[in-house]
Colleague: 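Take this structure first; my questions come after.
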Amino acid sequence: MNKISGVRRVVGAVLIKDLRIEVRSRVVTNQVLPFAGLIMIMFAFALDNDDVLQRVAGGLIWLATMFSLVVIVQRSFAIDTSDGALDLLRVAGVDLSAVFLGKAIALTMQLLVLDVVLVAAAFLLYQVQVSAVGFVLLVTCVIFATTGLGFVGTLYGGLTAGAKGRETLLPLLLLPVMAPVLIAATRATEAAFGSGGAVTSEGWAWVGLLAVFAAVFGLGGTLAFGPLIDE
Amino acid sequence: MDNAGFIVASYLITIGGISLFALLTLLRAKKSARLVLDRDKTWL
Amino acid sequence: MSQVSPRLAITITGTGTRFTRVLGVLAVVVMTWVVVSGLFLTPQDVVQGDAVRIMYIHVPSAWIAYIAFIVTAVASAFWILSKRHSMGFDRVAGASGEVGVLFVAITLVTGSLWGRITWGEFWQWDPRLTTTAFLFVTYIGYLAVRQLEGSIEQRARRSAVIALLAVLEIPLVHFSVVFWRSLHQKATVLDPNGDVKMDGLMLFTLFSGVIGFTLVFVWLVVHRQRTMLLGDLADQQGLDTAILARQNEGVSD
Amino acid sequence: MTNGKLINGKLINGKIVDFADVVIVYDNFPAIAGATFTVASGEIVLLQGPNGAGKTTLLRACAGLLPITRGTANVLGCDLRSDRFAVRSRVGLLGHANGLYQDLTVLENMLFWSRLVGATRSDIDQAMSAIGLASRLSQTRVAHLSAGQRRRCALATLIVRRAQLWLLDEPHAGLDAQGRDELDRTLRTARDSGATIIFASHEIERARSLATRSLTVAGGVVTST
């Protein structure tokens with residue numbers, strides 16, 4: 001009982017700390033969002049065809065999310081390592097699983113904001129359309145996908161935090177691991193948009209896969225984060 | 001043999017890759033073995 | 001303890017033993033047979049023609065690649081679960097991971113050469129190929145994690161966790177890729193491993209390939225694992241001198 | 001684990017830190033090359049020595065942050081070789097870095113660290129006044145503080161923790177004369193209420209007057225006791 005309330009306290013403290021710092025520093029809103037938006041616009045230049053853009057909109061949203069994720073994760077751990085706070089977290093003897101959960105939830109919430117903007121950009125720039133059922137599918141897909149990405153990003157971000165060559169090591173480790181999310185979230189989003197004649201009902205199976213992914217890495221991360229970041 | 005080029009190339013790459021790995025491992029072993037006492041080499 | 005100074009007691013002996021020499025000779029003999037039989041003795045396949053000859057090395061190398069990653073995962077699990085955290089498990093995991101990456105690379109190269117002959121293309125987004133490619137990248141990441149700075153124990157802990165996560169990841173990747181392809185486009189191409197009617201010699205050669213590659217795998221892992229131990233020990237040998245040098249820093253000040 | 005039993009938070013054999021021939025290797029460099037020393041309960045021990053002598057590594061090792069390569073190390077009755085994690089919640093470490101979040105205010109930082117260890121708001125107020133951190137600063141972001149104010153803030157987070165063993169790396173650095181007086185007073189108070197203190201300092205004069213004993217560290221070895 002005592003342990004659970006202790007864990008909840010640490011999760012809450014870390015979550016509030018991370019979110020408050022993000023709100024204050026506005027790095028996500030002032031830098032990552034424009035970066036993600038820029039990716040969407042650049043794709044429009046590169047593909048240069050409205051029909052193609054409508055078809056691939058789902059994939060572009062998730063590619064932009066994942067590239068931004070790498071940036072946000074690195075930033076999230078730079079906050080903790082820049083003034084030695086991560087060391088003090090270890091010495092404080094707090095449960096590192098709770099730190100993992102707190103940071104992962106904070107990361108997921110930032111990704112949710114990012115995805116709302118990216119989906120809006122897809123509506124504006126790529127002229128995609130969505131039905132009411134499709135909208136429900138889309139929202140569910142975004143929630144599960146960002147949760148999975150939040151877990152996996154926090155886990156690998158912790159591993160590479162403070163390591164030499166982390167700027168290149170993090171994407172090397174993270175991008176292949178995120179492949180199932182890219183495939184599943186893209187298909188589900190396409191089903192929601194009805195891109196290329198995809199049917200909405202096809203999307204739900206993909207959401208199931210996203211849920212499995214989030215569960216696997218939520219559990220794996222909770223267990224593995226402590227051993228991974230400790231010296 | 002049809003497509004002899006592709007077939008022979010695949011055999012060469014396989015044998016070559018394995019041999020290269022084996023060679024590098026042995027060379028590295030020789031180098032470190034100079035520095036280590038025989039009694040530490042548990043397999044001897 | 002003998003009176004001989006440590007320096008004199010060193011004789012240059014590598015990682016070979018009688019066991020590995022026998023293993024090595026056996027591996028060379030079997031592999032030579034596989035090459036000769038695969039290239040010259042076995043008949044053409046009715047459908048695939050001479051292209052089927054790549055199968056004798058492609059299929060065993062894919063098989064060994066998967067075995068290697070299973071060995072890595074099992075050894076990593078043993079490292080985590082064992083009370084003493086014996087470093088032997090970590091070295092076997094690392095050695096097997098390296099050899100596995102080598103064999104996945106071979107699998108991908110021979111597979112795409114075979115694909116070039118049967119499909120006319122080096123690459124198809126077929127589930128099995130795609131999963132194998134992800135396997136390749138994932139384990140390159142695993143090897144990169146082993147290179148991170150830190151103590152031997154830290155290396156073992158980090159890489160064991162990553163190896164186990166990778167094992168969880170493989171079915172997820174495979175399932176999503178299979179599901180992706182089955183929904184969108186059916187692979188209409190010739191399956192390189194299917195459509196082969198095997199006669200006795202072909203089957204025997206394929207079987208020899210599996211045996212030969214397994215022998216090669218064991219030989220490589222044993223040697224690589226011992227080389228890692230030598231490397232760690234050599235670092236420790238340097239450590240004694242380094243400790244003395246470090247202590248003398250204080251004296252000179 | 002049997003090396004010292006805790007009764008009312010104190011070790012009965014009195015040895016808070018017991019290092020014997022400790023070697024600590026990081027990236028093949030022996031930062032600590034065979035250190036032997038003990039610290040008894042209630043001592044204030046000064047570690048002195050040139051830069052790069054190994055003082056910081058020694059303090060971090062006592063906090064259970066570094067794996068011990070050789071030798072035996074015991075802190076607060078915990079064997080660091082078999083389990084260096086158990087000791088962590090009972091020591092307080094102040095390193096070169098302050099461990100503060102630049103974009104949070106002083107109070108938010110304090111609340112974050114105290115929430116982690118389950119301290120209360122009144123603990124925070126007490127700690128801030130003990131170290132002379134003006135309460136008007138509590139709404140100021142750490143990024144806008146001077147180096148000395150940051151140091152005080154970091155010390156305040158440490159006081160809140162009520163650690164049994166305090167490990168301080170250059171605690172005087174960046175503080176003005178008044179701040180140093182307040183720090184010394186705080187450390188003496190902490191000692192009087194049962195804490196043991198090990199600190200590294202270049203301010204030899206001041207440090208000697210504070211310390212009950214001093215150790216010299218050089219070349220990764222504790223050379224004089």
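So that the names make sense, note that chain A is the first sequence line, chain B the second, and so on, each numbered from 1.
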Colleague: Below 4.5 Å, heavy-atom pairs only: which of D:Val117, D:Leu104, D:Leu93 has the largest tally toward chain A?
Modeller: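 Among D:Val117, D:Leu104, D:Leu93, the one with the most close pairs to chain A is D:Leu104.
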Colleague: Determine which residues belonging to residues 13-29 of chain A lie within contact range of chain D, meaning some heavy atom pair is under 4.5 Å apart, and list them by number or answer 'none'.
Modeller: A:Ala13, A:Val14, A:Ile16, A:Lys17, A:Arg20, A:Ile21, A:Arg24, A:Ser25
Colleague: Should A:Ile41 and A:Phe45 count as side-chain neighbours, where that means a heavy-atom distance under 4.5 Å?
Modeller: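 When only atoms from C-beta onward are counted, A:Phe45 and A:Ile41 do touch, with a gap below 4.5 Å.
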Colleague: Relative to chain D, which of A:Gly84, A:Ala85, A:Gly93, A:Gly12 shows the most heavy atom pairs under 4.5 Å?
Modeller: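 Among A:Gly84, A:Ala85, A:Gly93, A:Gly12, the one with the most close pairs to chain D is A:Ala85.
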Colleague: Would you indicate whether the side-chain heavy atoms of D:Gln48 and D:Val217 approach each other to under 4.5 Å?
Modeller: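 The answer is no; the side chains never approach within 4.5 Å.
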Colleague: Could you note down all residue pairs passing side chain to side chain donor-acceptor pair (under 3.5 Å) where residues 57-72 of chain A supplies at least one of them, sequence neighbours left out?
Modeller: A:Trp62-A:Thr189, A:Thr65-A:Asp115
Colleague: Tell me, side chain or backbone of D:Arg115 under 4.5 Å from chain A's heavy atoms, or both, or neither?
Modeller: both
Colleague: Given a strict heavy-atom distance threshold of 4.5 Å, which part of A:Val94 is in contact with chain D: side chain, backbone, both, or neither?
Modeller: side chain
Colleague: Do NZ/NE/NH1/NH2 and the carboxylate oxygens of D:Asp79 and D:Arg84 come within less than 4.0 Å?
Modeller: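 Between D:Arg84 and D:Asp79 there is no salt bridge, as every charged N stays at least 4.0 Å from the carboxylate O atoms.
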Colleague: Does D:Arg152 come within less than 4.0 Å of D:Asp176, counting only side-chain N to carboxylate O?
Modeller: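 Looking at D:Arg152 and D:Asp176, the cut-off is met.
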Colleague: Output the option from D:Gly118, D:Ala154, D:Ala63 having the highest count of non-hydrogen pairs under 4.5 Å with chain A.
Modeller: D:Gly118
Colleague: Looking at A:Asp83 and D:Arg150, is any side-chain nitrogen of the basic one under 4.0 Å from a carboxylate oxygen of the acidic one?
Modeller: no
Colleague: Would you mind writing out the side-chain donor-acceptor pairs for residues 163-171 of chain A within the sub-3.5 Å range, not counting sequence neighbours?
Modeller:
{"from": "A:Arg166", "atom 1": "NH1", "to": "A:Ala163", "atom 2": "O", "distance (Å)": "3.0"}
{"from": "A:Thr168", "atom 1": "OG1", "to": "A:Gly165", "atom 2": "O", "distance (Å)": "3.1"}

Colleague: Run the side-chain donor-acceptor check on residues 137-154 of chain A: report pairs under 3.5 Å with partners two or more places apart or on a different chain.
Modeller:
{"from": "A:Thr140", "atom 1": "OG1", "to": "A:Val136", "atom 2": "O", "distance (Å)": "2.6"}
{"from": "A:Thr146", "atom 1": "OG1", "to": "A:Val142", "atom 2": "O", "distance (Å)": "2.7"}
{"from": "A:Thr146", "atom 1": "OG1", "to": "A:Ile143", "atom 2": "O", "distance (Å)": "3.1"}
{"from": "A:Thr147", "atom 1": "OG1", "to": "A:Ile143", "atom 2": "O", "distance (Å)": "2.6"}
{"from": "A:Thr154", "atom 1": "OG1", "to": "A:Gly150", "atom 2": "O", "distance (Å)": "2.6"}

